[in-house]
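Report on the structure given below.
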Amino acid sequence: MTELERLTFPSADFSRVPYGVFTDPANFEREQERVFRGPVWCYVGLEVEVPNPGDFLVSYLGATQIVLVRDGDGKLGGFVNRCAHRGTQLVRATKGNARDFTCVYHQWSYDLNGNLTGIPFRRGLHGVAGMPADFDMSQHGLRRLRVESYRGVVFATLSPATEPLVDYLDTPMRAVFDRIFARPIEILGYSRQRIPANWKLYLENLRDPYHAGLLHQFSTVYGLFRATEKGGTIMDKKRRHEIHFSVHGSDRAADTADHYTKTTFYDRTQGTLGYPEIFSFIDEPGRGGKASDFMSIFPNAVFQQLANSLATRQVRPRKVDEYDLYWTYFGYADDPPAIRAKRLEQANLVGPAGFSSMEDGEVGALVQRGVAWEGDAHSIVMMGGVGPIEDQPTTLTEMPIRGFWRFYSELMGLTVEEPR
Ligand code: FES
Ligand SMILES: [Fe+2]
């Protein structure tokens, strides 16, 4: 039996997850075909990053590097970043503007739609050599992607079977996009970090609000997010995407006292915050006091409103035990200066060294270390209940993680053993 065949989920409700999904290189390879090149939409960028004809940026579908480009007619498209001749990486800049793309190796060139338009010495020299007379340039363009966007958020897929993007996102997720991207946005900056862990540990983490009021002690102690606050989780019909939120300052002092003050973590005597404004939240239209609102879209994206910071996060798997996390911070083009300043300031809450997100990368690395030789053992994902996977009126839940695995295992063709 191969390692991959041994990878089974022991219970049909996905409340236990085999650690081999994080450690098995064959599973990682299968993911590239079945997940990232399969019938899903991967988030690749924002329209505002490629506003003009010829604008392009390099992005990823899983480990596959792709190029998102706006053509001469202003339409978005994209292709795998691989020359059709002998496979060279075609575009080497991370972003820019181009009239066409020319490969460095033998200078085959392509238009903005990925059509092969030029082959040096195609007819040889003085009638000698050259490409075969019947070589059909129209059959040798770049490998094209399907690209669609919703509210200026751009997704791509390589599969002809992927449903339309609006259906893939489903109703509750579209409502969040409708709210976050209701006004024209402006990019404020980027950051990226390399994390020595399997990429799915991050997607689990983002579907796990249970940890948020425990692991992130800085925000728990100083009051940006506590499990005792009002909150909840919302999923799409297929339970593959997830939103969770909490309402700032909505908890009762008695609950906080009961559940936090007795723990050693919740110790304000360790120090006082010299700049408490870092956590202050200015409510904005449509947010209804929700200081944190996180939306994970299967398989690779997170859209975040944390206090007044806004960001997208894209997961870029590299190896079975390594991924890059790519952050794009934004605000609204018409932001008043005070809000803009607040967004920039609160960008410090997230990112590689963020006051309330640094730990998420670190715990992934710790899990990877813990399970390195434990592929046959399983995790326990039962907080919030077992059985049916439902929305929850609390952040004390891991249920959306089970939704992730249910959809993932279907795509991957991994088997499920019924509980014994
Ligand atoms: S590999 Fe690109 S032109 Fe030869
Ligand atoms: Fe977290």
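In each ligand, atom 1 is the first atom listed, and ligand 1 is the first ligand listed.
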Number the atoms of ligand 1 from 1 as they appear, then name those within less than 4.0 Å of a heavy atom of [X], with their elements.
{"X": "R86", "result": "1 (S)"}
{"X": "Q107", "result": "3 (S)"}
{"X": "Y105", "result": "1 (S), 4 (Fe)"}
{"X": "C83", "result": "1 (S), 2 (Fe), 3 (S)"}
{"X": "W108", "result": "3 (S)"}

I'd like the atom name of the N/O/S atom in H106 lying closest to atom 4 (Fe) of ligand 1. ND1
Of all the N, O or S atoms in H85, which has the shortest distance to atom 4 (Fe) of ligand 1? ND1
Sub-6.0 Å ring centroid separation between [X] and [Y]:
{"X": "F79", "Y": "F101", "result": "yes"}
{"X": "W199", "Y": "Y60", "result": "no"}
{"X": "F181", "Y": "Y150", "result": "no"}
{"X": "F177", "Y": "F303", "result": "yes"}

R316 bridged to D324 by N-O distance under 4.0 Å: no
Verify whether one side chain among N115 and T117 offers a donor that lies under 3.5 Å from an acceptor in the other. no
Please name the residue in the list L68, N97, V69 that meets the side chain to side chain contact (heavy atoms under 4.5 Å, CB included) test with F56. V69
Near atom 2 (Fe) of ligand 1, is there an N/O/S atom from C103 that is less than 2.8 Å away? yes
Which of the N/O/S atoms in D360 sits closest to the Fe ion (ligand 2)? OD1
among protein heavy atoms, the one nearest atom 1 (S) of ligand 1 is T88 OG1, 3.2 Å
NE2 (H216) to the Fe ion (ligand 2) to NE2 (H211): angle, nearest 10 degrees? 100°
To check you understand the geometry: which heavy-atom pair defines the closest contact between I234 and M173, and what is its length? O-CE, 3.8 Å
